[in-house]
Every structure is written in structure tokens, then in C-alpha cells.
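One structure is given below, encoded as C-alpha cells.
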Protein chains: 2
Amino acid sequence: MEKTISRYDDTILNRCNFFKGLSKHEITAVLKAARIVNIPSNSFFFHQGEEAISFYIVVSGQVRLSQINPEGRQVIVHIFGPGDAIGIIVALSNMTYPVSAEAMTDTQALGWDRDTIAYLMEECPRLAVNGLHLIAHRFMELQDRYRELATERVERRIARALLRQAQQRNGRIPHTNTRNISLSRQDLAEMTGTTLYTVSRTCSSWEQEGIVTAGRGYIEINNFHKLLVIAEDLPDSHQCHDPQTCYFCPPDFNCNTA
Amino acid sequence: MEKTISRYDDTILNRCNFFKGLSKHEITAVLKAARIVNIPSNSFFFHQGEEAISFYIVVSGQVRLSQINPEGRQVIVHIFGPGDAIGIIVALSNMTYPVSAEAMTDTQALGWDRDTIAYLMEECPRLAVNGLHLIAHRFMELQDRYRELATERVERRIARALLRQAQQRNGRIPHTNTRNISLSRQDLAEMTGTTLYTVSRTCSSWEQEGIVTAGRGYIEINNFHKLLVIAEDLPDSHQCHDPQTCYFCPPDFNCNTA
DNA sequence: CCCCTTCATTGCGCTAGCGCAAAGAAGCCA
DNA sequence: TGGCTTCTTTGCGCTAGCGCAATGAAGGGG
């Protein structure tokens, strides 16, 4: 087991904020307490309403966190990738899961149960601090998304969802084109509070303008700059001075030449 | 100072989840570290973008937590009343406030600065646990609201906002009619992601049906039952067996006789 | 290789909700 | 008491986005 886990040391654990600041020794201890979980594509880590007994860190794959309303309309609250922590909030406070977590691809994760993680945090307060930071981060992101949903137009919301995905994957999924977002129209619709028809129409019109290339189950961003303008994350007049340090543009991308 | 604070012991502190499970002695120590803050109506505890240095617990009054988008459209993220904790998430994790907190009425609060609250939590872990519970609770509420905004119609969202307010005030603001919600149409619009026109129209039609009485700056709920049906928090066929224990109806209210 | 399923596109009509504008109602201050 | 400000209501026209339905494209499994 030790051996299996240490495989991930470089690729995942060093980039995982939950382990930030821990010594090698501490990380080893925390990993020893973990179980390795393999969830095949389209299967669930847990369902909305179940008692929250486990906490996970994604090693590889993607996980969709979604909530469903009584009429069956679904909303994607978050999409997790390698290094992300799933269920940290509820696992730390004795509740039932308010959302479902479904693997979008075959997913490997590390799992701890509630008591274990509570014990580890007591032993290693740094872990608790990191957990709190993760929660704070997630909370602020959700708050932003809430405001977005309340105030912004659909096109902008879709643009932001795409950019957020690109940003999130940036450098975390090795050997992957971060500009190629593997999401269906339906997924994007559920992430942005709209319908798959509207997403499809929007992507079509973007495709005409050369901003993206859309295909079955993916959208590839061809022109970050234009997308950023639509998302209003970027002033209309923006030009990169130095793409390496530009706040707006992803590191491997120069929006001047796009 | 001791004396001023002890005035609140019964009314606020015993109902405040942040102090739950603390001994009298511990509460006294925590209160000693607090400063009393008085914010007049329409003034701000803090503004979006400022460094998060303080954490507050509302003693009396109401506080609007809002976020503004670049075009100036505002969204109310939460409304705090007596016993609620403001800024707990950011104060615990070295960030800038992602929202503004504005007193809607003259407001009295207890304030601690970041370092103090961190120290107190270390001394008294129960405080940290309580804080985590508050955050988890807020997080889940926000998640629900997010789903609501993405999937539900305006009328239902307004109904839920009103009911949430009634629930929130229930028993916490002494000698106040919990069915009388003091919010302007604009406030309600910003809470539900719509416009004041739509809120006004909706309330008018509810008034015609005898569900509410609307006035300048307030809405009084006359028929909880019908509002709950609109909010879909209640099956259409619901009749209270025992209003005292009914999950759906507020304690002072029998929906059978309404 | 073909059939079947799943996903995406797009035309079309529709409606929920927006937002202007104008008029009224309620509080506030001098 | 009168005038000013702020909040509310409501008529009206408009449009963003919905959602059905029909068609097309892309896998996937036997």
C-alpha cells in the first residue's frame, strides 16, 4: 500500500493544498490512515441525503458534485479534479450529504472516515488549518457564483464556467491540454443555470467567431482573449505585456498572438 | 463593560450557537476579549475588498451582507440578526472581505480581531468546533440558495426568501411579530435575483389572495400555509395535526385555522 | 459493419420576467 | 404645513431565454 501511494507523491500530494506545510513524516502518517478508493465512471462516491461518513481527496479523474431539486432539475455545484477535497465540510460537522458526488471518469481517490480525519486533525493542527482554508476558498467561490447567477447574462456565465474549468485544470492534470474542456452541453447547462439548448446555441455562435471548437463532449478554447472579454474578466482593451505574469491569461498562452 | 455585556447573557448569548457548550467561565473570558461595536443604520461594518481583520456577533439589529458586480448590480448574500456571526470564514483565513456588511438598522455587535479569535479558539477548542458548524451551516444554506436560483421560478424564490426570514427571526428577536418581515421590495429583489418590479407585482397578487399584507418597507405574512405551498416546502394536501410539533409551520401558528 | 443509444444542433413559437415611465403613497425635515 | 425624498405600484412593450420537435452526428457493442 505504501508503495502504491508513494507513486502519487510528486504528481498529486505536493500540489494538494490539504497537505501544504506538512512534513514528509506527517504526510506518510496521514496516507497510512487512508484507504484507496476506485470509483468507475458514472458511479457515485455518495448520494444526497446519505449520512456523511467519508472524506476524499481525488488522485485522478473528475467528480461532479450536484444537487437535485424535487422536480428532478439538477445543478452542478462543483467539479473536482486531482488534488481536490470532497466532503470536507460535511464530514467535519456530522451532517448528511446535501449533494451527490458522481465520478465523471474512472476516478481514484484517497478516503478517510469522519473519525479518522478528526483524529488526524487533532494530532496535526496544520491539517485543520488547511481544511479551513479549503472551505473558505470554496465558500467564496460559491458566493461569487451565486452573485453571477443572480446578476449576469447566460453567455457570460457560460464563458466564466469554461474559463474556470481551464484555470482549475491548469497544470494539475498532467499532459493534458488545459484548453480542451471535456464537458457535455448538459453539464455546462447545469453548471450555469441554463438549458442545454442555450449552451449549444451559444457555443455555435462562438464557433462561428472562432473563439472555440465544439465537439461531442468537449469544448476547446481557441481564443482565450475573446472569451475573457465576454466573461468581463478582462478589460476590452487588454493586451498582455508579459504573458508569463499576466493575471488574466493562462501561463501557456499569449493572448496577443491568439 | 462587564456589566454592559452581561445584560445580553440571557437574550443573546444563550441562543448564540457560537457559545454553545461553553461554560459560564469560558463565556466570560471570551466576552472580556470583545469590544462593543455600535453601527448606525446604513453604515458599514466593512466593505468588499478590505482586509478581513474583524469578526462580529450581532447583539441587536440587522445586517445585510451584499456583493456588488462591476456594473453595480447588487446581490444580498445573507441577512444577519441577533446571535449571528459575521465574517467568521474570512477572519479565520487571512483574506479580504469578499462582501460588504451594512447595518440595516442601528446595530450593536461584539467584535474580535483576527488574532484574538484565533487565540481564543486555540485556548478553547469548543469555540473552533462551533465556528466550523456555523460555517458548514452557512455553506449548505448558500448551496441550497444557489440551486434554488438556478432551478426555481421567481415567485417561489420570493416565497422562500420570506419564509426563511420568518424562520430566522423566529424567537430570536424578542417581542417582535415574526410574521412581519421588514424588507423593502428592493431588498427582496436583491435576495432573490430579480427586480423590484417583479417583487412588487408578486406581492400585489399575493395581497389580492390574502396571503400577505404589503406596506412600505415591510411584508406581513397572513397565510403561512399558502406561502408554503407556493414555496413547495409543503405538500399541497398538508394539514397540521399538531401545530406545536409540525415541521412545516412556525410554532405560534396553526395553518389549519389560517 | 450495422444498429442502437446518446449527444448535439437548430428552427420556431412562446412566455416569464425585464425595465422604462408615469403616477401615487408614505415618511421626513424645515 | 408644505415640499422634498424615497419607496411602491402598475401599464406597456420588449427580449432573452425556454423548450418542443425534428434532424443530424458520433460513438459502442454485438
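Just so you know, these numbers use all the heavy atoms, side chains as well, and skip hydrogens, waters and symmetry mates. Computed from a prediction, not measured in an experiment: that's the story for all the values here. Reminder, nothing fancy here: chain letters follow the sequence lines and each chain counts from 1.
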Partner of A:E152 by salt bridge (charged side-chain N to carboxylate O under 4.0 Å, His left out), out of A:R157, A:R145, A:R147: A:R147

Do any pairs count as a salt bridge (Lys or Arg N to Asp or Glu O under 4.0 Å) and have a residue in residues 198-212 of chain B, sequence neighbours left out, and if so which ones? none

What one-letter contact string describes nucleotides 9-18 of chain C from 5' to 3', where B marks a base within less than 4.0 Å of any protein heavy atom, S marks contact via sugar-phosphate atoms alone, and - marks no contact? BBBB---SSS

Do B:E51 and B:T96 pair up side chain to side chain, a donor and an acceptor below 3.5 Å, judged on atom types alone? no

Check the distance between C:dA26's P and B:Y218's OH and give it to me in whole angstrom. 9 Å

What one-letter contact string describes nucleotides 25-30 of chain D from 5' to 3', where B marks a base within less than 4.0 Å of any protein heavy atom, S marks contact via sugar-phosphate atoms alone, and - marks no contact? BB----

More than 12 heavy atoms of other residues, nucleotides or ligands under 6.0 Å from CD of B:Q208: yes or no? no

Under 6.0 Å between the ring centres of B:H137 and B:F139? no

Rounded to the nearest 0.5 Å, what separation is found between the CZ atom of A:R160 and the CG atom of A:L228? 10.0 Å

Taking the six-membered ring where the residue is Trp, are the ring centres of B:Y146 and A:Y146 under 6.0 Å apart? no

Consider only side-chain N and O atoms of B:E232 and A:N69, and report whether a donor and an acceptor are under 3.5 Å apart. no

